[in-house]
Structure formats: C-alpha cells, structure tokens
> 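Quick one: the structure is below, and I'll ask about it shortly.
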There are 2 protein chains.
Amino acid sequence: MEPTTAMPDLIDQLRGCGITPTKQRITIADVLFQKKQHVSADQLLEIVRREDATVSRATVYNTLNLFLNKKLIKALIIDKSKVVYDTNTSIHHHIYNVETGELTDVSPEDLGLSELPQLPSGFEVEGTDVVIRVRRTHST
Amino acid sequence: MEPTTAMPDLIDQLRGCGITPTKQRITIADVLFQKKQHVSADQLLEIVRREDATVSRATVYNTLNLFLNKKLIKALIIDKSKVVYDTNTSIHHHIYNVETGELTDVSPEDLGLSELPQLPSGFEVEGTDVVIRVRRTHST
DNA sequence: TTGGGTGCAAACTATTTGCATTCGA
DNA sequence: TCGAATGCAAATAGTTTGCACCCAA
C-alpha cells in the first residue's frame, strides 16, 4: 500500500476536516472507513498493523480521539471496559448480542423512540444512546 | 452505628439473597439502599468510610459485584470509565446531565419505547439500556 | 472452631502522557 | 527547515486477585 499516493479521497477528506494526513492516520482511516464496522481500539491496532507494522498503540488512541473530536466517528460504550468506535455518525442505535459480541445498527424509526420525554425547559438533548442486549433463546 | 444489632430488615434482606451479612456488607448495603441513588464505586467507598473507616476498596468492589450477581443492583455505564450503580432494579432508563453529572430516572412509558424492533426469531431481549444525554441550553 | 470474608498490596487492563526522534509541507 | 506527529515507555485510573488474618455462625 502506498498511502500517500493512493486513495486521494481519504486524504482529501482528512484534510477537509483540518487533519494533517500522515501515513499512520491514513492507514487508520482506511481501516476504519473501509471495513465500515464497529471496532475496538485493540482490534483496530491489530488490523492496522497488518497494513503497516510500525503503527504504535499510542498513535491509534491519539488518532481515535482526534477523529472523535472532529466527529468523524462515534464512541460506543457497550459494557464495562468495552468501547467500540463507530464510523456511522448518523443518529442510530444498536443491538448487542451478548454471546457473540456482534453489533447491529438500528434506525431510530425501527425503535419507535420518536417521542422523547419532555425535558425540563432550558435543556436540550445532546444525544441518545440505546443499546438493546439480546441473546439466542436457548431451547435447552 | 451498630450494624449487627440495628437494621434487621437489611440483614434479613441480605440473608434472603443468600448473602452472609458481614459488618462491611451491611454498611455498604445501608449506604446503597438508604441514599437510594446512583453512586460510583469511589463515591460509595468514600461514603461508606464515613460510617466505617475500615472498609477497603477491594471489599467495596467485591460487594458491588456480589450484589450485581444477586441482582440487588444494576450497573449503569454512563461514559467511558464512568460506571454508577443503581439500586432501582426495575426496568427504567436515564437522563444524564453531561454538565453536572446528574442522573434522573425515566420510566419506559415516558420514553415511548414500548415497541422494540422485531428481532430475528430465536433471539430474546436481555435488557435495553437507554441514556439520554442533555445539557442546559446556553442562551449565550 | 473454621470456612468464608476482609484488608492490603501487587497485578492487570485500558488509556494517556512526556520526551526524544521523525516526518510532512 | 521546523513544528507537528510518532513511537516508546512510563504514568495513570479503574478494577481484580493472591494471600495471611479475622470474624460470623
């Protein structure tokens, strides 16, 4: 892979967000947005290193935080010490298979969560996190 | 406070759950269920130590996990590394004030989240976590 | 009495940070 | 070139664990 010469779209996108497109950041962005999925920092580090073995754990964390600040990704807290990063930044929710760890997106409409409770006036909703934990019904 | 002689209800409740009511566990349960609120492990340790200075951090964690297993409390993950424990074990959701850290309960009815998305058959819902993050609208 | 519970400190996991080196523009 | 970005390792925060001592039954 030749990150600096290849995938100019990705580079432009980063630049457009005011992010200096370094080799590691491009590789990380490539993995994140290519394999559009929910990844933990550790999984991300592992995958990224398959493409560029020189990327450090610190850089992965720094880059994730950078992308978070720039709203390129969302952090998703699934469980105590189980954080995954989501490249889908539109409003949506999640179904979490507690047995397999599999995560599925749910659109707000499918949730019937159109109506929020009336908040005390003077407050605004910053975001709503919904995680539906499911498991396979065991016919045991 | 004389935990072993006072509050026999609490002791009976613990015993009823198959929990040996030790001095520390009674104090912790007292704090948790008296000040019916959402507390972090650290806050809990601090409050508990005001009643009994000899309680160790490890015991607080061990007891919280014990109570969790016995379904006496629920863990509530609010933010990356921000876990609070909730003595309200009925189905309900939360409004989180991101500025003050204040947590408010919301009943499922108030959320209009009566309808869950149809899951693939063979799955059952284990639980649904909803956190609505709010902030005061700044009239700046 | 005695096995489970506790306190302490060390271990562990996930993440952040300080600093010297390297790289992009 | 030169400041920003990186890698490394050490630091930090939150939680768990091993082990000797202690206490509830």
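The chains referred to below are lettered A, B, ... by the order of the sequence lines, with proteins before strands, and numbering in each begins at 1. Keep in mind that this is a model prediction, so the values were computed, not measured.
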> Should L66(A) and R25(A) count as side-chain neighbours, where that means a heavy-atom distance under 4.5 Å?
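In contact.
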> Is Y61(B) close enough to dT16(D) that one of its side-chain N or O atoms is under 4.0 Å from OP1 or OP2 there?
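Checking dT16(D) against Y61(B), no side-chain N or O comes under 4.0 Å of OP1 or OP2.
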> Please give, in whole Å, the distance from dT6(C) P to I26(B) CD1?
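Rounded to the whole Å, the gap is 10 Å.
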> Which nucleotide in the set dG24(C), dT15(C), dT15(D) lies at the smallest distance from any side-chain heavy atom of A41(A)?
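So the side chain of A41(A) is nearest to dT15(C).
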> Grab the NZ-C1' distance between K23(A) and dG7(D) for me, whole Å please.
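Going from K23(A) (NZ) to dG7(D) (C1'), I get 12 Å.
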> Counting side-chain heavy atoms from C-beta on, which of dC8(D), dC8(C), dA14(C) comes nearest to S56(B)?
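Nearest to the side chain of S56(B) among the choices is dC8(C).
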> Which nucleotide sits closest to the side chain of Q24(A): dA14(C), dC8(C), dG7(D)?
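The nucleotide sitting nearest to the side chain is dG7(D).
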> Give one of base, sugar-phosphate or nothing for R57(B), where a contact means two heavy atoms less than 4.0 Å apart.
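Here R57(B) touches the bases of the nucleic acid.
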> Any side-chain N or O of T20(A) less than 4.0 Å from the OP1 or OP2 oxygen of dA4(D)?
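For dA4(D), neither OP1 nor OP2 has a side-chain N or O of T20(A) closer than 4.0 Å.
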> If the cut-off is 4.0 Å, is T54(A) near the phosphate of dG7(D), judged by side-chain N/O to OP1 or OP2?
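For dG7(D), OP1 or OP2 has a side-chain N or O of T54(A) closer than 4.0 Å.
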> From C-beta outward on R25(A), which listed nucleotide comes closest to its side chain: dA5(D), dG14(D), dA9(D)?
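Looking only at heavy atoms from C-beta outward on R25(A), the closest nucleotide is dA5(D).
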> Looking at dT16(C), I'd like to know if its phosphate oxygens (OP1 or OP2) sit under 4.0 Å from a side-chain N or O belonging to N65(A).
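Result: yes.
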> Measure from the side chain of N62(A), starting at C-beta and using heavy atoms only, and say which of dT17(C), dA14(C), dA25(C) lies closest.
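Looking only at side-chain atoms, N62(A) lies closest to dT17(C).
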> Can you find a side chain N or O atom of T22(A) that sits less than 4.0 Å from OP1 or OP2 on dG24(C)?
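So the side chain of T22(A) is outside the cut-off, no N or O lying under 4.0 Å from OP1 or OP2 of dG24(C).
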